[in-house]
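Order of the sequence lines fixes the chain letters, A, B, ..., with proteins taken first and strands second; residue numbering starts at 1 for each chain.
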Number of protein chains: 2
Amino acid sequence: MSDKLTIGKLASATGTKVETIRYYEQIGLLAAPARSAGNYRTYEGEHLRRLSFIRRARDLGFSIDQVRELMGLADRREQSCMAVDVIANQHRDAITRKIADLTALASELDALIDSCSRNTVAECRIIEALGPSAEARSH
Amino acid sequence: MSDKLTIGKLASATGTKVETIRYYEQIGLLAAPARSAGNYRTYEGEHLRRLSFIRRARDLGFSIDQVRELMGLADRREQSCMAVDVIANQHRDAITRKIADLTALASELDALIDSCSRNTVAECRIIEALGPSAEARSH
DNA sequence: TATGCACCCTCTAGTCGCTAGAGGGTCAAG
DNA sequence: CTTGACCCTCTAGCGACTAGAGGGTGCATA
């Protein structure tokens, strides 16, 4: 029933690497826990909750700074949900842009790949396509 | 008619920052050019062609190491195009995976955002959703 | 009791692809 | 001859870790 955890236990409970937990402590994202007689970190249930929050937000692609902001909001519970909503929406917009960029990239690459007809490199259309553009050559 | 360029000219001709060009030289991606009497880098047409190639490949999302590999292949022109095709396809696959991940992320975020009904943070579903998972709580 | 082994500690440096800044030198125009 | 745009090197910083050196701790087993 004890909720004391070594760093290794906390790591496997949250799917985080041990080094990453120490890193989060170092940058002040996760509070430094008490130490045992042998100088081992001893984590409590609250640390587990915080780290779970951090990991989940990180998995959703929030930056460390955004996570910090979200945790600050979560702690001041009287305040409006709107600030949280704003952060989530900003992040959603960034993801939308990224997907669009990657999709455009993918079709460019597809065109390139289609044009490769297993010739020697001298005739390789991919290499050609990556070369200097026609305008650059015309000067 | 001279094709000698200062680093600034090369930068604006290729849409690269001056610092980035020096960085490419430092990591051995772009050959070091001759120097003028005043120790300025003096680039030739070949440098322009190489840097254009690099920029284009980087814009398509190839890593520096992939660019290095592609340039090596482009130089051995008698050899089969297939190695180039392989690199391009690996990269295409990585992009496909990234798009899938981001799309899944986007719908998770959408669900989160929908559930936020502008209440106080105490009832905020986004913060809840980011908290420790049900399994973690049940232990 | 000794020994082995998994785990923990700190500290430092490396990853990737640049970017920024300090502190200077060069060059061409006015 | 001065101004200002450009160039030089060197070093450190970004984000978010990751890896390694060189050591200490804790527990089980022979």
Side-chain angles (χ1 to χ4, degrees), chain A residues 2 4-30 32-44 47 50-51 53-71 90-91 94-95 98 101 105, chain B residues 2 4-30 32-44 47 50-51 53-71 90-91 94-95 98 101 105:
Chain A
S2 152
K4 303 252 192 266
L5 294 165
T6 63
I7 196 168
K9 296 275 165 58
L10 182 63
S12 57
T14 57
T16 315
K17 292 195 178 180
V18 165
E19 294 82 7
T20 304
I21 296 176
R22 285 195 283 247
Y23 169 71
Y24 286 163
E25 179 180 325
Q26 191 193 305
I27 63 168
L29 190 60
L30 187 65
R35 296 296 180 111
S36 74
N39 201 30
Y40 283 21
R41 287 170 177 85
T42 53
Y43 293 97
E44 322 269 337
H47 289 105
R50 292 255 161 187
L51 184 54
F53 184 102
I54 293 167
R55 286 316 298 177
R56 178 108 180 90
R58 292 286 305 126
D59 283 350
L60 285 172
F62 288 95
S63 72
I64 296 267
D65 269 0
Q66 284 175 322
V67 174
R68 237 188 268 271
E69 216 175 331
L70 285 171
M71 294 211 308
Q90 278 171 359
H91 185 47
I95 289 175
K98 223 174 228 173
D101 285 355
L105 210 67
Chain B
S2 152
K4 304 252 192 264
L5 294 165
T6 63
I7 196 167
K9 295 276 166 57
L10 183 62
S12 57
T14 57
T16 315
K17 293 195 176 181
V18 165
E19 294 83 6
T20 304
I21 296 175
R22 285 196 283 247
Y23 169 71
Y24 286 161
E25 179 180 326
Q26 191 193 306
I27 63 169
L29 190 60
L30 188 65
R35 297 295 180 111
S36 73
N39 201 30
Y40 283 21
R41 288 168 177 85
T42 53
Y43 293 97
E44 320 271 336
H47 289 106
R50 292 255 160 187
L51 185 54
F53 185 103
I54 293 167
R55 288 313 300 176
R56 177 108 180 91
R58 292 285 305 127
D59 284 350
L60 285 171
F62 288 95
S63 72
I64 296 267
D65 269 359
Q66 284 175 322
V67 174
R68 235 188 268 272
E69 219 174 330
L70 285 171
M71 294 211 308
Q90 278 171 358
H91 184 46
I95 289 174
K98 226 173 229 174
D101 285 355
L105 209 67

Next item on the list: Specify the residue among A:Arg35 and B:Ser63 whose closest nucleotide of DNA chain C lies further upstream toward the 5′ end.
Entry: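 Comparing both residues, the 5'-ward one is A:Arg35.
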Check: Considering heavy-atom distances to DNA chain C, does B:Tyr40 or B:Asp65 have its closest nucleotide positioned more toward the 5' end?
Finding: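 Between the two, 5'-proximity favours B:Asp65.
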Please state how far atom [atom1] in [X] lies from atom [atom2] in [N], giving the value in whole angstrom units.
| X | N | atom1 | atom2 | result |
| --- | --- | --- | --- | --- |
| B:Glu19 | C:dA22 | CD | P | 14 Å |
| A:Leu10 | C:dC9 | CG | P | 11 Å |
| A:Leu5 | C:dC7 | CG | P | 15 Å |
| A:Gln26 | D:dC17 | CD | P | 12 Å |
| A:Tyr43 | C:dC7 | OH | C1' | 14 Å |
| B:Leu29 | C:dG17 | CG | P | 10 Å |
| A:Ile27 | D:dT18 | CD1 | P | 12 Å |
| B:Asn39 | D:dC6 | CG | P | 19 Å |

Base, sugar-phosphate alone, or nothing: which one does [X] contact when heavy atoms must sit under 4.0 Å apart?
| X | result |
| --- | --- |
| B:Arg41 | sugar-phosphate |
| B:Ile7 | sugar-phosphate |
| A:Arg22 | base |

Report yes if a side-chain nitrogen or oxygen of [X] is closer than 4.0 Å to either non-bridging phosphate oxygen (OP1 or OP2) of [N]; otherwise report no.
| X | N | answer |
| --- | --- | --- |
| A:Lys17 | D:dA19 | yes |
| A:Tyr24 | D:dA16 | no |
| A:Thr6 | C:dC8 | yes |

Check: Hey, is the main chain of B:Gln66 close enough, under 3.5 Å, to the side chain of B:Glu69 for a donor-acceptor pair?
Finding: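 No: the side chain of B:Glu69 does not pair with the backbone of B:Gln66.
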Checklist line | Check: D:dG15 base within 3.5 Å donor-acceptor of A:Tyr23 side chain | finding: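 When only heavy-atom distances are counted, A:Tyr23 does not reach the base of D:dG15 through any donor-acceptor pair under 3.5 Å.
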Check: Closest nucleotide of DNA chain D for A:Ser36 versus for B:Lys9: which of these residues is on the 5' side?
Finding: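 Comparing both residues, the 5'-ward one is B:Lys9.
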Note to self: Under a 3.5 Å threshold, yes or no: a donor from one side chain and an acceptor from the other, between B:Tyr24 and B:Arg55?
What the structure shows: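 Result is yes, a qualifying pair exists.
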Checklist line | Salt-bridge present (B:Lys98, B:Asp101; N to O < 4.0 Å) | finding: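 No, no charged N to carboxylate O under 4.0 Å.
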Margin query: Is there a side-chain contact between B:Lys4 and B:Tyr43 in this structure, where contact means two heavy atoms from C-beta onward sitting under 4.5 Å apart?
Written below: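 SC-SC contact between B:Lys4 and B:Tyr43 ruled out.
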Would you list the atom pairs, donor with acceptor, under 3.5 Å between side chains in residues 8-19 of chain B and any protein atom, with sequence neighbours excluded?
from, atom 1, to, atom 2, distance (Å)
B:Ser12, OG, B:Gly8, O, 3.3
B:Ser12, OG, B:Lys9, O, 3.2
B:Thr14, OG1, B:Leu10, O, 2.8
B:Thr14, OG1, B:Ala11, O, 3.4
B:Thr14, OG1, B:Thr16, OG1, 2.8

